[in-house]
Structure formats: structure tokens, C-alpha cells
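Below is one structure, written out as C-alpha cells; comments come after it.
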Amino acid sequence: MKRTKTDLKNKWVVITGASSGFGRAATVAFGSAGAQLMLGARRLDRLQETARLATEAGAASVCPLYLDVSSTPSVEEFGNALIERTQEVQVLVNNAGGALGVDPVLEGKDEDWETMFQTNVLGLLRVSRKVIPLMLKTEGALVINVGSIAGRVAYEGGSAYCGAKAAELQISKALRLELCGTPVRVTSLDPGMAETDFSLVRYKGNENKAKEVYRGLEALSAEDIAETMLWLAERPAHICVDELVIKPTAQAAPHKVFRK
Ligand code: NDP
Ligand code: 8X3
């Protein structure tokens with residue numbers, strides 16, 4: 001049995017939501033491993049900056065392209081641009097997503113619910129449908145679906161987000177069954193609190209509320225998650241980490257956080 005690490009040099013890695021947070025840090029991490037990167041997000045200025053950082057880190061090539069995972073035509077266009085460049089993808093990081101609001105169900109907003117399910121759930125499905133066909137013959141291929149501890153333990157004000165991330169976990173399980181017999185591995189990577197723009201987006205630009213989330217504790221960083229993604233992708237081809245929950249030491253559960 002080959003126990004060698006999966007080599008990412010010159011291999012194609014596709015990352016959604018690469019303009020910020022986990023996606024940007026993952027781009028730099030996979031870039032430093034010498035991968036070729038296909039990056040998608042809506043904010044092109046930020047995506048260009050991510051691309052610059054990846055090139056500096058040592059990426060073999062970088063292609064930043066507009067992608068709105070909530071739109072099937074946009075995912076199709078992104079995927080077709082990928083197919084023009086390669087027929088073989090090593091890693092897909094389904095990362096685009098996030099939360100909107102902390103309303104209880106009785107005060108929930110249609111547009112928040114719809115966006116959360118469009119991005120975290122349907123977006124992941126659309127991108128998977130388009131990209132995974134390019135992975136079916138790739139030794140050691142890996143799909144990383146970014147879930148959350150919110151998909152495992154519900155909390156007040158998190159109904160739609162918790163529901164969307166619970167859906168991500170079940171989709172990951174179904175995909176793993178459907179892909180059994182191919183070389184494609186599927187990991188649900190489920191982080192706890194990480195200090196990115198996540199809370200700024202959730203609180204719709206309110207910086208004070210966003211900062212308060214991380215007050216008095218050392219949250220995970222985007223780099224912690226990126227390092228974990230790279231570790232997952234570099235495991236020998238016969239190893240699949242089905243699920244990986246990673247939290248700050250001070251966060252025992254979504255609602256149980258020790259603050260200094
Ligand atoms: P950020 O807000 O920093 O990044 C979110 C990324 O998703 C951005 O690049 C954004 O790009 C992209 N995105 C959002 N909507 C779309 C869309 N419709 N089409 C394409 N891209 C989109 O947050 P994080 O890095 O923290 O979040 C990344 C993932 O990690 C999310 O799925 C989130 O739910 C999950 N997560 C985060 C945790 C945390 O505590 N930070 C913990 C657990 C999971 P743009 O706006 O430019 O399109
Ligand atoms: C983000 C982590 O605990 O804020 O997915 O829901 S949490």
C-alpha cells in the first residue's frame with residue numbers, strides 16, 4: 001500500500017469564496033504547496049488581491065473568476081472556464097457561504113433565509129455537480145465541504161444557518177456514498193468560532209456586534225482552517241477523513257464559551 005503524501009504540485013485546486021476569510025487563507029496555503037488555483041467569489045477586487053497573495057506564496061498558476069454560487073448560470077460559466085483549462089481537478093473546496101442575522105424564527109426574514117440556503121446548500125450542490133466530474137479519475141482527489149459546529153448543535157437565533165449547515169453535513173454523507181468506488185474523498189470540515197468577516201456579514205456591517213463575538217477568547221484564525229484543509233488534501237490517497245470538527249479551546253459548544 002502506498003503511504004506517500006498526496007502531492008499537490010501543479011495539481012488543480014478549486015476554491016469558492018476565495019475573496020475573504022477561510023477561502024483566501026486556503027488559497028495561500030494551497031499556493032504554497034505549488035498548486036494551480038481556480039478561485040471564485042463575487043467581489044473581484046478582493047479576489048484579485050487573493051490571487052496576488054497566492055502567486056507570492058508560490059502557486060503554479062492562479063485564475064480568479066467571478067462566481068455567484070447562488071446562480072446556476074454563474075456556476076456553469078465558472079465551471080466551463082475551468083474545463084477550458086483542465087480536465088483533472090485534485091481538490092474542490094466548497095467554502096462560499098455564511099450566516100445572515102440572528103433572528104428567532106418568529107422574526108425571521110425571507111431574504112436572509114433564502115440567501116443562507118442558496119449559498120451554503122444549493123451553491124455547494126451546484127458547484128459539486130459541475131466540478132466533481134473532473135475529479136472521478138484523480139488519485140487522491142478531495143472535496144472539502146465547509147460545514148460548521150452549527151450544523152451539529154442548534155442555538156437560538158441560528159435556525160436557518162444551523163439548518164443549512166446540517167444540510168451540508170447530510171449532503172457530504174450522501175456524496176461519499178455516491179462516490180464510493182471512485183478515488184474521490186469527501187470531508188465535512190466543521191469549524192467553531194473563527195475570526196474572519198463571518199460575523200461582520202452576519203451582523204450586516206455592524207462592527208461593534210461583530211467584534212463582541214470574539215471578545216475575551218482566542219478564536220480560530222483563517223490560517224488555522226487553511227492549514228487543516230491542506231493537511232486533509234495531503235493525506236495518502238487511501239485515507240478519507242469523513243468529518244473534522246475544529247474549535248477554539250475556549251469554545252466547548254456553540255453556546256458554551258469561556259471569556260477572560
Ligand atoms: P467570510 O465572510 O470571511 O468569507 C465568506 C466568503 O464566501 C467570501 O469570500 C464571500 O465572497 C463568499 N461568498 C458568499 N456568498 C457567495 C456567493 N453567493 N457566491 C460566491 N461566493 C460567496 O467568512 P468565512 O471565511 O468565515 O466563511 C467561509 C465559510 O466558513 C462559510 O461557509 C461559513 O459559513 C463557514 N464557517 C465559518 C465559521 C466562522 O466562525 N468564521 C465557522 C464555521 C463555518 P464574496 O462576498 O466576494 O462573494
Ligand atoms: C460559525 C460558527 O458557532 O458562530 O459557523 O455558528 S458559529
Side-chain angles (χ1 to χ4, degrees), residues 14-28 39-51 64-75 77-78 93-102 112 114-124 126-127 144-169 172 188-205 209-210 212-214 217 219-226 228-229 244-248 250-257:
V14 178
I15 302 176
T16 69
S19 60
S20 172
F22 297 170
R24 173 172 284 180
T27 300
V28 173
L39 310 177
R42 294 165 303 174
R43 290 169 297 176
L44 282 177
D45 51 338
R46 289 185 180 225
L47 202 57
Q48 294 290 357
E49 173 60 11
T50 302
L65 277 189
Y66 178 86
L67 170 67
D68 180 355
V69 298
S70 68
S71 150
T72 297
S74 176
V75 172
E77 205 173 312
F78 179 82
V93 183
N94 272 318
N95 165 73
L100 277 176
V102 285
D112 290 349
E114 282 164 11
T115 301
M116 283 187 269
F117 278 89
Q118 273 294 346
T119 53
N120 295 293
V121 182
L122 298 177
L124 178 148
R126 290 185 185 101
V127 174
I144 300 176
N145 289 330
V146 179
S148 168
I149 55 168
R152 295 169 176 269
V153 182
Y155 53 88
E156 292 149 289
S159 57
Y161 182 64
C162 294
K165 290 304 193 187
E168 173 283 325
L169 183 57
S172 298
S188 181
L189 175 59
D190 300 348
M193 288 164 89
E195 198 159 356
T196 62
D197 284 350
F198 174 85
S199 293
L200 195 62
V201 172
R202 176 170 235 176
Y203 288 105
K204 302 176 181 177
K209 281 190 179 168
E212 182 60 22
V213 172
Y214 310 108
L217 85 145
L220 298 173
S221 68
E223 289 70 25
D224 295 330
I225 300 302
T228 306
M229 288 177 180
L244 198 157
V245 177
I246 175 169
K247 299 190 278 71
Q251 185 182 35
H255 47 276
K256 173 71 179 173
V257 176

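Atoms within a ligand are numbered from 1 in the order they appear, just like the ligands themselves. Keep in mind the model is a prediction, meaning the values are calculated, not measured.
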Is there side-chain contact between [X] and [Y], with heavy atoms separated by less than 4.5 Å?
X    : Y    : result
T228 : L244 : yes
K204 : D112 : yes
R42  : L67  : no
I246 : D190 : no
L189 : I225 : yes
R202 : V213 : no

I'd like to check whether [X] has a polar contact with ligand 1, where a contact means an N/O of the residue lying under 3.5 Å from an N/O of the ligand.
X    : result
V69  : yes
P191 : no
T196 : yes
Y161 : yes
A194 : yes

Would you call [X] a ligand 1 contact, heavy-atom distance under 4.0 Å?
X    : value
G147 : yes
V146 : yes
E195 : no
S199 : no
M193 : yes

Please list, in number order, the atoms of ligand 1 under 4.0 Å from a heavy atom of [X].
X    : answer
S148 : 43 (C), 44 (C)
G21  : 3 (O), 25 (O)
T119 : 15 (N), 18 (N)
L67  : 19 (N), 20 (C)
D197 : 2 (O), 3 (O)
G192 : 40 (O), 42 (C)

From [X] [atom1] over to [Y] [atom2], what is the distance, rounded to the nearest 0.5 angstrom?
X    : Y    : atom1 : atom2 : value
S70  : E114 : OG    : CD    : 11.0 Å
R152 : L169 : CZ    : CG    : 5.0 Å
E49  : D45  : CD    : CG    : 9.5 Å
T27  : M229 : OG1   : CE    : 9.5 Å

Can you tell which part of [X] has a heavy atom less than 4.0 Å from ligand 1: side chain, backbone, both or neither?
X    : result
N95  : both
R43  : both
N120 : side chain
R24  : neither

Do you see a donor-acceptor pair shorter than 3.5 Å between the side chains of [X] and [Y]?
X    : Y    : answer
N145 : S172 : yes
E168 : S188 : yes
S199 : Y214 : yes
D68  : S71  : no

Inset, instruction - Only pairs at least two apart or in different chains count here, so list each salt bridge (charged side-chain N to carboxylate O under 4.0 Å, His left out) that has a residue in residues 15-28. - result: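 Not a single pair qualifies under salt bridge (charged side-chain N to carboxylate O under 4.0 Å, His left out).
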Top protein contact for [atom], by heavy-atom distance:
atom                    : value
atom 9 (O) of ligand 1  : S19 OG, 2.8 Å
atom 22 (C) of ligand 1 : A96 CB, 3.6 Å
atom 14 (C) of ligand 1 : R42 NH2, 3.4 Å
atom 12 (C) of ligand 1 : G17 CA, 3.6 Å
atom 7 (O) of ligand 1  : G97 N, 3.5 Å
atom 3 (O) of ligand 1  : S20 OG, 2.5 Å
atom 27 (O) of ligand 1 : F22 CD1, 4.3 Å
atom 18 (N) of ligand 1 : D68 OD1, 2.9 Å

Inset, instruction - Test Y203 against F198 for ring-ring contact (aromatic ring centres under 6.0 Å, His included), laying out the working first. - result: CA-CA 9 Å; Y203 288 105; F198 174 85; 9.2 Å; no
Inset, instruction - Start with the C-alpha gap between M193 and I149, add the side-chain angles, then the distance that decides, and say whether side-chain contact (heavy atoms from CB on, under 4.5 Å) holds. - result: CA-CA 9 Å; M193 288 164 89; I149 55 168; over 6 Å; no
Which side-chain N or O atoms in residues 117-124 pair as donor and acceptor under 3.5 Å with protein atoms at least two apart or in another chain?
unit_1	atom_1	unit_2	atom_2	d
Q118	OE1	R126	NH1	3.0
Q118	OE1	R126	NH2	3.0
T119	OG1	T115	O	2.9
T119	OG1	M116	O	3.4
N120	OD1	G98	N	3.0
N120	OD1	K165	NZ	3.0
N120	ND2	G98	O	2.8
N120	ND2	M116	O	2.9

Legend entry - Non-neighbouring partners of F78 that pass ring-ring contact (aromatic ring centres under 6.0 Å, His included), sequence neighbours left out: none
Nitrogen or oxygen contacts under 3.5 Å, ligand 2 side and protein side:
unit_1	atom_1	unit_2	atom_2	d
ligand 2	5 (O)	S148	OG	2.6
ligand 2	5 (O)	Y161	OH	2.7
ligand 2	6 (O)	Y155	OH	2.6

Legend entry - Backbone N/O of R46 and side chain of T50: donor-acceptor pair under 3.5 Å: yes
